[in-house]
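Report on one structure; see the data block that follows.
All chains are named by letter (A, B, ...) in the order of the sequence lines, taking the proteins before the strands, and each is independently numbered beginning at 1. Being a predicted model, the structure only gives us computed values, none of them experimental.
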Number of protein chains: 2
Amino acid sequence: MNNSVSIKDIAKKFKCAPSTISRALNDHPAINIETRKTIQEYALKVGYQKNTLSLSLLNNCSMTLGLVLPSITHYHESSMLEGMEEILLKSGYLLNICVSNESHTIEKEYIDRLLANRVDGLFISMAQESYDQQLGEHIDRVIQRSLPVIFIDRPNHGVASDRVVTDDYQGAFMATKHLIDMGCQRIAHLHGPSGISVSQQRFLGYQDCLIAHGRQVEADLIQYVHFSAESAIQATRILMQSDSKPDAIFGVNDEVCIAAMFVLREMGISVPDEVAIVGFDDIPLASFGHPPLSSVSRQSRKIGEEAAKLFLSKKDQKLEPVTISLDPKLIIRESSLRS
Amino acid sequence: MNNSVSIKDIAKKFKCAPSTISRALNDHPAINIETRKTIQEYALKVGYQKNTLSLSLLNNCSMTLGLVLPSITHYHESSMLEGMEEILLKSGYLLNICVSNESHTIEKEYIDRLLANRVDGLFISMAQESYDQQLGEHIDRVIQRSLPVIFIDRPNHGVASDRVVTDDYQGAFMATKHLIDMGCQRIAHLHGPSGISVSQQRFLGYQDCLIAHGRQVEADLIQYVHFSAESAIQATRILMQSDSKPDAIFGVNDEVCIAAMFVLREMGISVPDEVAIVGFDDIPLASFGHPPLSSVSRQSRKIGEEAAKLFLSKKDQKLEPVTISLDPKLIIRESSLRS
DNA sequence: GCCTCAAATGCAAACGTTTGCGTAAAATTT
DNA sequence: AAATTTTACGCAAACGTTTGCATTTGAGGC
């Protein structure tokens, strides 16, 4: 069943103490250089591999981290994961991935398992359920263990904590400003799920930009959608069939905007001339939309990198909570370009 | 630094042996029912959490699995991961995610770490480098440990092994057949990276279907691309600027097809009338393409589920290697529909 | 008061590795 | 040759938990 060879096994072979083998394998100078070589060669031959579990137990350090996400299928999330992996690979860590599917129960269960497995730190983007109902005891338990907890995108309520986020507010402000600059008069917003920080910040940026430019924030120009394309279809129809149609749409992410452009095309409404559109996330396919979709790029990959780096700096010294806010960048393409 | 409370700590508090605490927490009947309750309450109060590492060491079973993927940003991969997670969540496992970025060196490094951490099994989609150069010793080492290894999408060379795949050949055949049925005469193929099983199978399906219908397989109708949209741009231009233009394109995945449609639109070539297009993977945005993209759906999520189930059935009994091949499904949309 | 039995709990080993300290033998210095 | 140093290795504890077996305690039967 278990074919793995241990230091003890090797010790028996050489009729010496396990400590000698351990030192030999770690190239400890106290061991005769030839003995070392012999042992190392033998270990290689029989495929010895250090059992990290015993060390984790001993040193209270597992070199394993947890990443808890509501989902992973969006480009932003998977791209962020790749950035994180790149940094952690170099530092010798492994990453446990946990998809909560926006469920508080699942999130809690995963965090329990991660704690039981003694991860050295936790990256988390909180499930909507946890965020909505302000359920944070499962996170508190992690913090009480004095484990580094780094929030990604979605913070927890109230408590000061380490965070890595895009400045969604600023991104939304820029997008809205751009639409205003393009001469749009009635800018609609496809608003993301209401409980989520990202949705809220993007809405606030949109709202404040309108106000800052002396515009009204009209309730019937705001439609709520999920992060998926499907949910944007009906929302766009409602917007365009209302008495006071918008002449621009700022969407909470690119998927909903691409779906919106699809509906507009179906309805014979031209983009950007009749309705200009700006999305958020700058997914790879945004530039191949019809027309190419303007979007706020949020440096997804870099968010992962920064989160990983933040952990590395936190793990040794106890520092004050930090919020790293990455600047979004407005990528202007045809969907919002009016002459 | 380390705030976690152990069974020994509790034992001291109650002035009894660790074994008593252990039994009490596990509701062992040998322990007085009231003692049990007292101890359990205390454990809850002080936030005791079992240290799984010690058990992993003892039982040689970590309840942790490894997943090694070339990348994670494509819909197919992340969706597969979600399916896998769903099953593993129920079974109490955690998943270590490792992104090899198609590099053999990184893949090897990750597998080393996974083995050192004593994962109970491995899911892997091999890096192109490993596959191309037939480098498989790192995998062999895992198998020698008699750990369940389950290949996803990309198999290893020669060796009989457990696999979960889409029937790419059949999917490509269906797509090509559909284009033939639509009256297309010159069907081009955007061929994926040549070393990869998925590319090869899809090309073979395309080729065999053409031959089965008495068509020629013309070299200048085949263009090699990467899996990304960008690389498809030039390929499509070359195809359409050649002397003998195609009147249909079957692409190795949806991203390249969406990019191809973009170029065609730029060139004023109508889809599907002048060029019909069918992709592969059926990503969520396929249906919102201009026009909506026909595509072969490969049940990505189910691949993950099946892989996880296969592991669960393998972990106890040693069974013969199994290949689970999921049927692809052709989703016909406007991009290939000719009247 | 002695024996038996059951109930409740303790002991110790095990998993694999590291590491401070001890110790033997060999090499070097007086 | 004795004293000292160096070299090379062994011993044992530690990490947290489980578990078979031993032990203690108390109750009940005779």
Residue B/Glu137 excluded, over 12 heavy atoms near CD under 6.0 Å: yes
Euclidean distance, atom CD of residue B/Glu34 to atom C1' of C/dA7 [Å, nearest integer]: 14 Å
Spacing of B/Ile33 atom CD1 relative to C/dA8 atom P, expressed in whole Å: 10 Å
Residue pair A/Ser4 / B/Arg118, side-chain heavy-atom distance below 4.5 Å: yes
For atom CG of A/Leu53 and atom P of D/dT17, their distance in whole Å: 15 Å
Electrostatic pair B/Arg141-B/Asp112, nearest N-O below 4.0 angstrom: yes
Phosphate-side-chain proximity, B/Asn32 and C/dA7, N/O vs OP1/OP2 below 4.0 Å: no
A/Glu102/A/Arg154 ion pair, N-O < 4.0 Å: yes
Nearest-neighbour nucleotide for the B/Lys50 side chain, D/dC9, D/dT18, C/dT9 considered: D/dT18
Divergence of helical axes at both termini of the helix from C/dG1-D/dC30 to C/dT30-D/dA1 - five pairs an end, 10° steps: 70°
Which residues share a salt bridge (Lys or Arg N to Asp or Glu O under 4.0 Å) with A/Arg36, sequence neighbours left out: A/Asp27
Pairs meeting criterion salt bridge (Lys or Arg N to Asp or Glu O under 4.0 Å) with involvement of residues 121-135 of chain A, two or more places apart: none
So which protein N/O to nucleotides 11-15 of chain C N/O distances come out below 3.5 Å?
residue, atom, partner, partner atom, Å
C/dC11, N4, B/Ser19, OG, 3.0
C/dC11, N4, B/Arg23, NH2, 3.4

Protein-nucleotide distance (A/Arg36, atom CZ; D/dC9, atom P), rounded to Å: 10 Å
Presence of B/Ser22 side-chain N/O under 4.0 Å of D/dT17 phosphate oxygens OP1/OP2: no
Integer-rounded Å distance: C/dA7 C1' and B/His28 NE2: 13 Å
Ion pair B/Arg113/B/Glu109, N-O distance below 4.0 Å: yes
Whole-Å gap separating C1' (C/dG16) and CD1 (A/Ile10): 12 Å
Touch class at under 4.0 angstrom, heavy-atom based, for A/Tyr48 against every strand present: sugar-phosphate
Distance in angstrom units between A/Met63 CE and C/dT17 P, rounded: 17 Å
Residues forming a side chain to side chain donor-acceptor pair (under 3.5 Å) with A/Asp162, sequence neighbours excluded: A/Lys314
Partners passing side-chain contact (heavy atoms from CB on, under 4.5 Å) against A/Asn96 (at least two apart in sequence or in another chain): A/Thr64, A/Leu114, A/Val119, B/Thr64, B/Leu94, B/Asn96
Sugar-phosphate, base or nothing in reach of B/Thr35, heavy atoms under 4.0 Å: sugar-phosphate
Atom-to-atom span, CG of B/Asn26 to P of D/dG16 - whole angstrom: 17 Å
